[in-house]
**Student:** 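Just passing along the structure, written as structure tokens.
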Amino acid sequence: MEIRLYNSKTKKKEIFHPVDEENVTMYVCGPTVYGSHHIGNARPAVVFDLLAKLLRNEYKNVTYARNITDVDDKIINAAIEQNVEISEITKKSTNQYHSDMKILNVEDPNKEPYATQFISEMVLFIEDLITKDNAYVSEGHVLFDINSYKSYGDLSSRDPKDMIAGSRVKVQDYKKNPLDFVLWKPSNENEIGWNSPWGRGRPGWHLECSTMILEIFGETIDIHGGGEDLRFPHHENECAQSFCRNDGKQLANFWLHNGMVQMADSKMSKSLGNILLIKDLLNDMPGEVIRLSLMSSHYRQPLKWSDDLVNQSKKTLNTFYSFLDQYEDIDITNINVNEEILSSLSDDINTPKAISVLHSMFKDLKKDPDNIELRSSFIKSANFMGLLFSKPRNWLIKEDSNVDTKVIDELIIERNRARQSKDFSVADDIRDKLLDMGVVLEDKNDITTWKKKND
RNA sequence: GGUUGGAUAACAUAAUGGUAAUGUAUAAGAUUGCAAAUCUUAGAAUGACGGUUCAAUUCCGUCUCUAACCUCCA
């Protein structure tokens with residue numbers, strides 16, 4: 001199936017063709033590990049997880065790499081503030097990220113390179129840039145000289161002159177041009193650092209991605225993804241340094257950028273303090289609710305996070321699971337994902353469309369509930385999108401919650417006894433009592449089932 | 001100030017040069033001892049003004065509002 005993707009570089013939707021059909025390559029900017037992660041961090045993970053699945057469905061070998069930035073000033077600052085070793089911060093944060101992703105049903109990427117594992121390669125990368133006159137040493141720093149790269153600004157569609165004009169770019173006196181960016185910066189004694197030809201120091205942020213892409217994949221990859229806010233300066237700088245290092249080879253053929261998660265009309269960001277941590281959200285809702293919420297709008301659009309959004313996702317999944325709860329589990333191993341779902345996702349990862357297809361499959365399924373083929377295909381397709389992995393019964397009663405199933409079962413028996421003797425006021429009292437406990441009853445034919453109230 | 005997007009019913013979200021789809025919510029009915037769930041049906045939308053066109057929500061222009069980036073960000 002033809003995959004079409006909006007390429008930020010050309011600002012057009014293009015048909016995706018890998019350089020090598022036998023080995024498709026994708027790199028996505030992962031987290032900087034210095035704390036807990038918010039839903040804004042989850043969005044690219046979910047989006048590119050879907051894309052990876054789609055690519056794997058189409059091509060034999062897909063290598064998807066998502067990095068971990070484990071050296072950065074923010075990490076250093078966090079370590080100082082908490083008075084602990086840097087490694088303690090990065091380990092904890094990385095573990096948190098992994099468990100968050102798992103609960104969101106985000107599959108592991110094939111490779112997960114850590115910046116600190118590529119320091120010597122980064123040093124070589126810088127040396128090469130210096131040799132080629134694309135970088136210069138100044139006061140212990142090594143800086144990339146943007147004037148040595150004519151296309152600077154192309155990826156993010158901006159003119160360096162405009163940016164300097166009315167902008168907030170701080171002019172450091174060790175820079176030739178205000179937009180020159182740091183490849184290597186000196187470290188104080190109490191800061192993490194590595195020896196280099198320019199003294200003890202650490203790499204600049206942008207360098208790791210270029211270096212790791214070169215080491216893992218080679219000069220040019222098929223797809224490079226990340227948040228819209230990384231387009232400039234991060235990706236622009238990656239482009240610049242890789243282009244120069246690799247003698248004019250493009251770093252990536254397709255650039256994909258996801259829109260920001262917004263809280264009440266403005267971007268969720270740590271500096272604004274309006275963040276929602278994934279681990280906190282997971283106290284109130286299952287991972288699939290977060291995942292469905294994140295997929296409810298197209299990945300390039302901003303996504304407004306709200307209670308309404310979450311409630312709707314909850315409701316949708318509850319409806320699906322309630323239906324499935326009435327039937328036995330089925331083996332879906334050899335079932336195909338619905339073609340219309342695939343074609344929706346193949347059209348620039350159109351998740352809202354795919355979700356609406358899922359709804360229409362569900363509608364058909366309800367009309368023909370014993371149709372095993374339809375049911376398998378529905379579940380398989382939902383699974384493909386990272387949904388409906390729970391056992392329906394577990395989802396509905398949420399066994400991890402603190403309701404006592406024994407007490408509930410006894411009350412249900414008591415109520416049904418009352419109903420049989422037409423003692424309806426007693427029956428209704430029991431139902432109200434259960435409702436107060438957060439339990440909703442459903443009388444279907446002669447059987448009474450229950451589920452947790454959707455709150 | 002510069003750059004790039006966005007505006008579709010109550011809310012959220014797709015699509016399209018020619019019946020604007022989907023979910024939630026709402027209303028009516030069926031079902032139910034009452035509910036819940038389910039089923040049937042209904043109402044409800046292309047920001048404003050121009051232009052191109054037989055035809056524009058879609059293409060072009062102007063405006064309004066709004067977001068992101070230009071400093072760390074996903």
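A, B, ... follow the sequence lines: proteins, then strands. Residue 1 opens every chain.
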**Student:** If you compare all heavy atoms of Asn253(A) against all heavy atoms of Asn7(A), which two are closest, and at what distance to 0.1 Å?
**Tutor:**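 Of all heavy-atom pairs spanning Asn253(A) and Asn7(A), the closest is O-ND2, 2.9 Å.
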**Student:** Please give the distance between the C1' atoms of rA45(B) and rG2(B) as a whole number of Å.
**Tutor:**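 Approximately 35 Å lies between the C1' atom of rA45(B) and that of rG2(B).
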**Student:** Could you spell out the base pairing of RNA chain B in dot-bracket, with Watson-Crick or G-U pairs whose two distances are under 3.5 Å, [ ] crossing and | to another strand?
**Tutor:** (((((((..(((.....[...))).(((((.......)))))....(((((..]....))))))))))))....
**Student:** Can you check the Phe181(A) CZ to rU71(B) P distance for me, whole Å?
**Tutor:**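 Going from Phe181(A) (CZ) to rU71(B) (P), I get 14 Å.
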**Student:** Starting at the 5' end of RNA chain B and moving along, which residue's nearest nucleotide shows up first, Arg300(A) or Ser296(A)?
**Tutor:**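 Result of the comparison: Arg300(A).
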**Student:** Base of rG2(B), side chain of Asp159(A) - is there a donor-acceptor contact under 3.5 Å?
**Tutor:**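 When only heavy-atom distances are counted, Asp159(A) does not reach the base of rG2(B) through any donor-acceptor pair under 3.5 Å.
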**Student:** What's the NE2-P distance between His359(A) and rA12(B), to the nearest Å?
**Tutor:**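 Interatomic distance, NE2 of His359(A) to P of rA12(B): 17 Å.
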**Student:** For the base of rA35(B), is there a side-chain donor-acceptor partner from Arg431(A) under 3.5 Å away?
**Tutor:**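 Answer yes: a donor N or O sits under 3.5 Å from an acceptor.
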**Student:** Quantified in whole Å, what is the C1' atom distance between nucleotide rU71(B) and nucleotide rU53(B)?
**Tutor:**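 It comes out at 48 Å once rounded to the nearest Å.
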**Student:** Taking Leu179(A)'s backbone N and O only, do any of them form a donor-acceptor pair with Asn177(A)'s side chain (distance below 3.5 Å, no angle check)?
**Tutor:**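 Yes: the side chain of Asn177(A) pairs with the backbone of Leu179(A).
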**Student:** Applying ring-ring contact (aromatic ring centres under 6.0 Å, His included) between Phe181(A) and each of His141(A), His206(A), His234(A), report the one that passes.
**Tutor:**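 Of all the options given, the one that passes is His206(A).
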**Student:** I'd like the P distance from rA14(B) over to rU4(B), given in whole Å.
**Tutor:**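 About 23 Å, rounded to a whole number of Å.
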**Student:** Taking only side-chain nitrogens and oxygens of Asn311(A), does any of them come within less than 4.0 Å of OP1 or OP2 of rU24(B)?
**Tutor:**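 No, no such contact exists.
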**Student:** Can a donor-acceptor pair be found, under 3.5 Å and without considering hydrogens, that links the side chain of His38(A) to the backbone of Gly40(A)?
**Tutor:**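 Yes, His38(A) side chain to Gly40(A) backbone: donor-acceptor pair under 3.5 Å.
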**Student:** Considering every strand and a 4.0 Å limit on heavy-atom distances, what is the contact class for Asn350(A): base, sugar-phosphate, or nothing?
**Tutor:**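 Touches sugar-phosphate only.
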**Student:** Looking only at side-chain N and O atoms, does Lys314(A) come under 4.0 Å of OP1 or OP2 in rU24(B)?
**Tutor:**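 It does not, given that no N or O in the side chain of Lys314(A) lies less than 4.0 Å from OP1 or OP2 of rU24(B).
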**Student:** How far does the C1' atom of rU66(B) sit from the matching atom of rC60(B), given to the nearest Å?
**Tutor:**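 Roughly 22 Å separates the two C1' atoms.
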**Student:** Touch check for Gly153(A), heavy atoms < 4.0 angstrom, all strands: base, sugar-phosphate only, or nothing?
**Tutor:**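 Result for Gly153(A) = nothing.
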**Student:** Would you kindly give the CG-to-P distance between Leu435(A) and rA35(B), to the nearest whole Å?
**Tutor:**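 It works out to 14 Å between those atoms.
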**Student:** Is there a donor N/O on one and an acceptor N/O on the other, under 3.5 Å, for the side chain of Gln301(A) and the base of rG6(B)?
**Tutor:**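 Flag unset: no donor-acceptor pair detected.
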**Student:** Would you tell me if any nitrogen or oxygen in the side chain of Lys366(A) comes within less than 4.0 Å of OP1 or OP2 on rC39(B)?
**Tutor:**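 Result: yes.
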**Student:** How many whole angstroms separate atom CD1 of Ile278(A) from atom C1' of rA74(B)?
**Tutor:**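 Those two atoms, CD1 and C1', are 10 Å apart.
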**Student:** Suppose you measure atom P in rG5(B) against the same atom in rU40(B); what distance do you get, rounded to whole Å?
**Tutor:**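 The answer is 43 Å between these two P atoms.
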**Student:** Within the structure shown, what part of the strands sits under 4.0 Å from His38(A) by heavy-atom distance: base, sugar-phosphate, or nothing?
**Tutor:**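 Result for His38(A) = base.
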**Student:** Ser344(A) near the nucleic acid: base, sugar-phosphate alone, or nothing, with a heavy-atom cut-off under 4.0 Å?
**Tutor:**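 If one applies the 4.0 Å heavy-atom cut-off, Ser344(A) turns out to touch nothing in the nucleic acid.
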**Student:** Does any N or O in the side chain of Thr351(A) come within less than 3.5 Å of the main-chain N or O of Met295(A), such that one atom is a donor and the other an acceptor?
**Tutor:**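 Yes, Thr351(A) side chain to Met295(A) backbone: donor-acceptor pair under 3.5 Å.
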**Student:** One thing to verify: whether Glu14(A) and Lys12(A) come together as a salt bridge, which I'm taking to mean a side-chain N less than 4.0 angstrom from a carboxylate O.
**Tutor:**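 No salt bridge links Lys12(A) with Glu14(A).
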**Student:** Respond yes when some side-chain nitrogen or oxygen of Lys267(A) is under 4.0 Å from OP1 or OP2 of rC69(B), and no when none is.
**Tutor:**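 Result: yes.
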**Student:** Between rG23(B) atom P and Leu387(A) atom CG, what is the distance in whole Å?
**Tutor:**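 Taking CG of Leu387(A) and P of rG23(B), I get 16 Å after rounding.
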**Student:** Have a look at Arg66(A) and say if it touches a base, only the backbone sugar-phosphate, or nothing, with a 4.0 Å heavy-atom cut-off.
**Tutor:**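 Nothing, no heavy atom under 4.0 Å.
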**Student:** How is Leu441(A) classified with respect to the nucleic acid when contacts are heavy atoms under 4.0 Å: base, sugar-phosphate, or nothing?
**Tutor:**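 Contact class for Leu441(A): base.
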**Student:** Whole angstrom is fine here: how far is it from CZ in Arg43(A) over to P in rA68(B)?
**Tutor:**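 Value for this atom pair: 13 Å.
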**Student:** Please classify the nucleic acid contact of Asp308(A) as base, sugar-phosphate, or nothing, using heavy-atom distances under 4.0 Å.
**Tutor:**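 Sugar-phosphate, no base atom in range.
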**Student:** Between Arg231(A) and Arg419(A), who's closer to the 5' end of RNA chain B by nearest nucleotide?
**Tutor:**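 Closest to the 5' end, via its nearest nucleotide, is Arg231(A).
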**Student:** Look at the side chain of Asp229(A) and the base of rC70(B), then say whether one donor and one acceptor between them are separated by less than 3.5 Å.
**Tutor:**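 Absent.
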**Student:** Say you pick atom P in rU8(B) and the same atom in rA15(B); how far apart are they, in whole Å?
**Tutor:**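 My reading of the P atoms in rU8(B) and rA15(B) gives 14 Å.
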**Student:** Distance between the C1' atoms of rA9(B) and rU46(B), in whole angstroms?
**Tutor:**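 Looking at atom C1' only, rA9(B) and rU46(B) are 10 Å apart.
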**Student:** Please answer whether the main-chain N or O of Gly153(A) pairs with a side-chain N or O of Ser157(A) as donor and acceptor at a distance below 3.5 Å.
**Tutor:**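 Pair absent, no side-chain N/O of Ser157(A) close to backbone of Gly153(A).
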**Student:** Looking only at atom types and distance, does a side-chain atom of Asn274(A) sit under 3.5 Å from a main-chain N or O of Ser269(A), one as donor and one as acceptor?
**Tutor:**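 Yes; at least one donor-acceptor contact below 3.5 Å.
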**Student:** Starting at atom OH of Tyr299(A), determine the distance to atom P of rA14(B), rounded to an integer number of angstrom.
**Tutor:**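 In whole Å, rA14(B) P and Tyr299(A) OH are 12 Å from each other.
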**Student:** Taking the inter-plane angle between the rings of Trp395(A) and Tyr321(A) on a 0 to 90° scale, is it parallel (under 30°), tilted (30 to 60°) or perpendicular (over 60°)?
**Tutor:**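 Plane angle under 30°, so parallel.
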**Student:** Take Asp70(A) and Thr116(A), measure what side chain to side chain donor-acceptor pair (under 3.5 Å) needs, and give me the verdict at the end.
**Tutor:** CA-CA 6 Å; Asp70(A) 60 349; Thr116(A) 52; 2.6 Å; yes
**Student:** Taking the same atom, P, in rU24(B) and in rU41(B), what whole-Å distance lies between them?
**Tutor:**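 Looking at atom P only, rU24(B) and rU41(B) are 14 Å apart.
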**Student:** For Ser266(A), answer base if it contacts any base atom (sugar-phosphate contacts may also be present), sugar-phosphate if it contacts only those atoms, and nothing otherwise; contact means non-hydrogen atoms under 4.0 Å.
**Tutor:**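 If one applies the 4.0 Å heavy-atom cut-off, Ser266(A) turns out to touch the sugar-phosphate alone, with no base involved.
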**Student:** Would one find a side-chain N or O of Lys363(A) under 4.0 angstrom from OP1 or OP2 of rC39(B)?
**Tutor:**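 Looking at the OP1 and OP2 atoms of rC39(B), neither is under 4.0 Å from any side-chain N or O of Lys363(A).
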**Student:** Counting the atoms with a prime plus P, OP1 and OP2 as sugar-phosphate, which does Val28(A) contact under 4.0 Å by heavy atoms, base, sugar-phosphate, or nothing?
**Tutor:**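 If one applies the 4.0 Å heavy-atom cut-off, Val28(A) turns out to touch nothing in the nucleic acid.
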